[in-house]
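Reviewing the structure listed below.
Quick note on labels: first sequence line is chain A, next is B, and so on, each numbered from 1. Since the model is a prediction, treat every value here as computed from it, not as a measurement.
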Protein chains: 2
Amino acid sequence: MQELLSPKQVAASIGVSESSLKRWCDQGVITTEKTPGGHRRIRIREVVRFLREQSHPLVSPEALGLPVGAGRRVATLESSREALLASLEAGDHAATRRVVLDHYLAGEGVLGLCERLLAPTLHTIGDRWVCGATEVYQERRACESINRVLFELRSYLPAPSPDAPAAMGGSPTGDHYRLATLMVEVVLAEEGWDATSLGSSLPFATMATAAVRHQPQLFWLSVSHVHDIEELRGGFNEFLETTTPTMPVVVGGREARAVVGASLNPRVHIGANLTSLLEIARGVHPIAKATPPRGH
Amino acid sequence: MQELLSPKQVAASIGVSESSLKRWCDQGVITTEKTPGGHRRIRIREVVRFLREQSHPLVSPEALGLPVGAGRRVATLESSREALLASLEAGDHAATRRVVLDHYLAGEGVLGLCERLLAPTLHTIGDRWVCGATEVYQERRACESINRVLFELRSYLPAPSPDAPAAMGGSPTGDHYRLATLMVEVVLAEEGWDATSLGSSLPFATMATAAVRHQPQLFWLSVSHVHDIEELRGGFNEFLETTTPTMPVVVGGREARAVVGASLNPRVHIGANLTSLLEIARGVHPIAKATPPRGH
DNA sequence: GTCGACTCGGGTAATTCGGGTC
DNA sequence: AATGTCCGAATTACCCGAGTCG
């Protein structure tokens, strides 16, 4: 485990000389820590950020604990779906991680990754499961793998600023699909929110309690699977009644419309996908993007 | 908790060599006490102050009650349970991570962490949930947090060697408790196995398919919650019949005995806890410890 | 008092620093 | 303007026999 890297390691991994790296550090392109003796120490997160911003190739990723081969030039997200599907069904987490991180290092955002790569592929696996081409265990294992990658991606995001608006959400009782709400969390975190997923299969009552206690500026609800639509609607309405009337609620997922119905309640929004959810979030509370440290 | 730390503990917890730490102490960058025999003893406050000045990762500024480090003896894992419970219930992931990682960096293994810190604390949360002191969302959020930490811990483990024996497992239909099977996975991985958790709420039929396809040298089954005991036993017996007769199966979790019953099948073992599971795994396939991963 | 684990101090090899030059 | 290479001084990491801790 190595949180801090030496200039030599970083230089080797991105394929430049130590001098260049040191210059970049001194110019502020890469922020560094210093030991008491004045030696530079670089966080992996900083290296990842630099690679993404500069679209710099990564020649020796293993030095950073990144998957071998990561950082190559890659084609479109859509063209990687096939490879991702294969690695997920084979249970090859290393390959899965490589596919995803390739695109991330190439500058793709978490939003794009989720919406155009991860979600469609998971959807395909779901379809193949229904028609018998994929085993249940493969589907579950794929979800574990994606879960792991999403955690890793989040670890590269900067910590939310102290004045970041808070968002919270989860999926209701009977809906055990954790990835949807996790994707929402990470996408909002990328946008600068202090987002917390409460998990899946949550009774509305406890979500309401959480919302009342923490008073988030946004609450999301992810509904992928419905057991009893009447119960769900009832619970949702009670949730709306027991929480702060000014708190906006975004409902997303495959069954979002079924839950919301024809409700005209202005605080309830439908987030058909992550992009529209993000637009709603921006409308609720725009976050000024911190200007990159250097005007370039 | 101990107020005075040894150089070794401090060096490990901040990721520098003991030599550097000692040099910094002698230079006055870090003030120390001395034992009558001349050994250095460092106050927690000093460590925290130093880390804050250096913007060093892995420890946060807030000092009070910081369960940093571990005595090398006695029940320090046990004494951290309270702090962990508090951070989990508050949803403070940073604090949760710190508690766990401090022990890990002080040399505690994943096994000890799971068995003596994580599992007992989660159990406490479960109890408090039953008696109404804890909300469902707090329990779920705590699980998410622990899940995240376990993924992080696993990422620090060396990759399994190519000839590592494979292990596989999961929890059966209706049991949505993912952490138990995840803990098994990470503990086995720490021991050198190529362990893969298939996830939770898996039909026995698909677990059998996975076992037949991948032919692991060990299969584990984690049973924390039972819906229909007859169905479970039936499924388990069918699982035994359809998989390789030589493949050992370890059943663990709160309801392990209920599933196995009075079975005398020699390939079925009861893993009352992670420690006994590990002993069984060692009996099945002892792994020669490779040279310990050099911390560089 | 025994004993294993830890620490001391000092020596040595490997890195890194900053700067100058190509 | 930017990068790569070279250099002496300083810093850090690793090693080991003797002494200390609990």
Does OP1 or OP2 of [N] have a side-chain N or O of [X] closer than 4.0 Å?
X	N	value
Ser20(A)	dG4(D)	yes
Trp24(B)	dT11(D)	no
Arg41(B)	dG22(D)	yes
Ser17(A)	dG4(D)	yes
Ser6(A)	dT12(D)	no

In whole Å, what is the span from the [atom1] atom of [X] to the [atom2] atom of [N]?
X	N	atom1	atom2	result
Leu4(A)	dT12(D)	CG	P	13 Å
Leu21(B)	dT11(D)	CG	C1'	15 Å
Asp26(B)	dT7(C)	CG	P	15 Å
Lys8(A)	dC17(C)	NZ	P	12 Å
Glu18(B)	dA5(C)	CD	P	16 Å
His39(A)	dA9(D)	NE2	P	15 Å
His56(A)	dA2(D)	NE2	C1'	12 Å
Lys22(B)	dC14(D)	NZ	P	13 Å

If you check the [X] side chain, which of [options] turns out closest?
X	options	answer
Lys34(A)	dT3(D), dC21(D), dG18(C)	dG18(C)
Arg23(B)	dT12(D), dA13(D), dT3(D)	dT12(D)
Val16(B)	dC21(D), dT7(C), dA13(D)	dA13(D)

Do side-chain atoms of [X] reach the backbone of [Y] as a donor and acceptor pair under 3.5 angstrom?
X	Y	value
Arg52(A)	Tyr104(A)	yes
Glu190(A)	Val110(A)	yes
Thr181(B)	Arg178(B)	no
Gln217(B)	Ala166(B)	no
Arg141(B)	Glu89(B)	yes

| note | With sequence neighbours left out, the residues meeting ring-ring contact (aromatic ring centres under 6.0 Å, His included) with Tyr177(B) are none
| task | Using a 4.0 Å heavy-atom cut-off across all strands, classify Arg40(B) as base, sugar-phosphate, or nothing. | result | sugar-phosphate
| query | Hey, is the side chain of Ser19(A) pairing donor to acceptor with the base of dT5(D) inside 3.5 Å? | reply | yes
| Each stem that DNA chain C is part of, given as range with range (3 or more consecutive Watson-Crick or G-U pairs, under 3.5 Å) | C:3-19 with D:6-22
| Among Arg40(B), Arg43(B), His39(B), the one residue meeting side-chain hydrogen bond (donor to acceptor under 3.5 Å, both in side chains) with Glu33(B) | Arg43(B)
| Applying the salt bridge (charged side-chain N to carboxylate O under 4.0 Å, His left out) test to Glu152(A), which of Arg98(A), Arg97(A), Arg45(A) qualifies? | Arg97(A)
